[in-house]
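Have a look at the structure below before the remarks.
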2 protein chains.
Amino acid sequence: MKYPLVDFPKPLTTVDVVIFTVQEGQLQVLLVRRPDATTEPFPNAWALPGGFVDIDKDASLEACARRKLLEKTGVKTPYLEQLGSWGNSTRDPRGWAATHAWFALLAPLALSLNSDATSQAAQWHAIDERSPRKKLAFDHREILQAAVKRLTSKVEYTSLPAFLLPEPFTLPQLQKAYEAVLRRPLDKSGFRTRALAANFLDETGFMDVGAPRQAMGYQIRDRNQVVYFPRTFGARSEGT
Amino acid sequence: MKYPLVDFPKPLTTVDVVIFTVQEGQLQVLLVRRPDATTEPFPNAWALPGGFVDIDKDASLEACARRKLLEKTGVKTPYLEQLGSWGNSTRDPRGWAATHAWFALLAPLALSLNSDATSQAAQWHAIDERSPRKKLAFDHREILQAAVKRLTSKVEYTSLPAFLLPEPFTLPQLQKAYEAVLRRPLDKSGFRTRALAANFLDETGFMDVGAPRQAMGYQIRDRNQVVYFPRTFGARSEGT
DNA sequence: GAAATAGTGTCTGTAAGACATTATATT
DNA sequence: AATATAATGTCTTACAGACACTATTTC
């Protein structure tokens, strides 16, 4: 090695992923149970999926986040965005720790979640009121709140909720996804004009969704691109 | 200690700060020179101010960022926001490294920058075209680009540029700060209506700025709050 | 009073909000 | 035919863009 070893004490480095979906008209987040061992902090508590960065397995932080995601959900290419980092001397009893938090948007999973043997029990939890009721391990409650805030804020002016639905979906379904995240009803006419004008959907033909009348099915035109609307819903200036 | 020691290899953890100001009608960023020693990576190259997290000195990532900022500029309470993190096995020749990047907005500094003995030479660099010409150490060019993008994007619909000016300032001065960041002229009438309607400024009385006519001076009403405008300038939907 | 800068007024265009209406399917 | 849902139309409102205009100071 060309450079002298850096051998002073280093913080612990972890990655956590806030995984959202919409199911039964509600925004849901995936949580896992901490192992039930007294050698581990927060035994048995609910926590965000995540863990230490493995400098041998993980080429990058994003790769690490995708690995956690794949382990828990089996999904390879969801919407994935960096949320921020939380690091201080007190959040982990094992020492100075910094976590890199990401958030992911997924269509509801058909498969069973706890299928793989290596993973702890994973379960969807509805986001009620302004945050989940439960106490979470570490500072995960704060991270989850930040994720919900970021998501709600971006949903006001982006196409993000489309990533929460299985394709193809109808405009009424998409509107319900927006309403689930925003926790308020939207006007149908305005919503449709706006969604279609934004030009991020492709028609897939009429679908029968068990409704009295058939509706047009749509899919996302480019899953690598989020569309920004010219204005925010409600035009109530809000914080990011 | 209650828990078994975590003693597998850990990534290096650093913090970098992208410090912006507006001077001479241009957006500027503060860069430092890497030490001129072959035992250090990127000797003599320009880099963002930053360095290793010191788990004894720094209570948190933000505290670490503020420490770096204070060391380089002497400024204690600028606008400071988390930008994101960059971590992989290749960005630092010394090993797997993750940096937590922040960006700060400052009024131009009257004081000399390189005053303290412990710090390397620091210097303002204009941001030209879409990024600085110079090669920077590590992946700092990418981080700087992300910071510029984030700043420009937010300036379209927030009061951020007010933090780049010394108080009190006039509306024409504030408009020039917006124009410097956005690199395009704005309409005076629209700008004024919008800035005043956003209600984040307090009048401080008329000022003589060497212009033929006096102008009203303003200061930021609440330096802890950024105001979001109801629409974006230009209404051209842009990425974040 | 000429020049330069500060500040105002007016008209237009775009897109969202509210709400009424039409269209198509099932029972 | 009644009903539930999909889709469209109309009117209003909010606010930015363009551009012309007035006001105040220095020379």
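Throughout, a chain's letter reflects where its sequence line sits, starting with A, and its residues are numbered from 1. This one's a predicted model, so the numbers in the text were calculated from it and none came from an experiment.
Regarding B/L186, its CG atom lies at a distance of 15 Å from the P atom of D/dC19, rounded to whole Å. Counting to the nearest Å, the P atom of C/dA25 and the CE atom of A/M207 are 15 Å from each other. The CZ atom of A/F233 sits 18 Å away from the C1' atom of D/dT13 (whole-angstrom rounding). Atom CD of B/E156 is separated from atom P of D/dA16 by 12 Å (rounded to the nearest Å). A/F206 has its CZ atom 13 Å from the P atom of C/dT26, to the nearest Å. We find that CZ of B/F229 is positioned 8 Å from P of D/dA16, with the value rounded to whole Å. Taking atom CG on B/L171 and atom P on D/dT24, their separation rounds to 17 Å, with Å as the unit. For A/Y228 and C/dA16, the OH to C1' distance is 20 Å, given to the nearest whole Å.
Between the side chain of A/R213 and the base of C/dA23, a donor-acceptor pair under 3.5 Å is found. The base of C/dA15 is not paired with the side chain of B/R231 by any donor and acceptor separated by under 3.5 Å.
Listed here is the closest heavy atom pair of B/Q28 and B/W124: OE1-CB, 3.6 Å. Between B/F163 and B/R223, the closest heavy-atom pair is CE2-O, 3.4 Å. Nearest heavy atom pair, residue B/L174 against residue B/L165, reads CA-CD1, 3.6 Å. Here the shortest heavy-atom pairing between B/L106 and B/P78 reads CD1-CB, 3.2 Å. Shortest non-hydrogen contact noted between B/A104 and B/L80 is CB-CD1, 4.0 Å. Minimum heavy-atom separation, A/Y178 to A/V155: CE2-O, 3.4 Å.
The nucleotide whose nearest atom lies closest to any side-chain atom of B/P172 is, among C/dT5, D/dA7, C/dG7, C/dG7.
Both B/Q214 and A/A211 lie close to DNA chain C; mapped to their nearest nucleotides by heavy-atom distance, the more 5′-ward contact belongs to B/Q214.
Residues A/E167 and A/R221 are not paired through a salt bridge, judged by the lack of any N-O separation under 4.0 Å between the basic side chain and the carboxylate.
Contacts of residues 187-202 of chain B with DNA chain D (heavy atom under 4.0 Å): B/D187, B/S189, B/R194.
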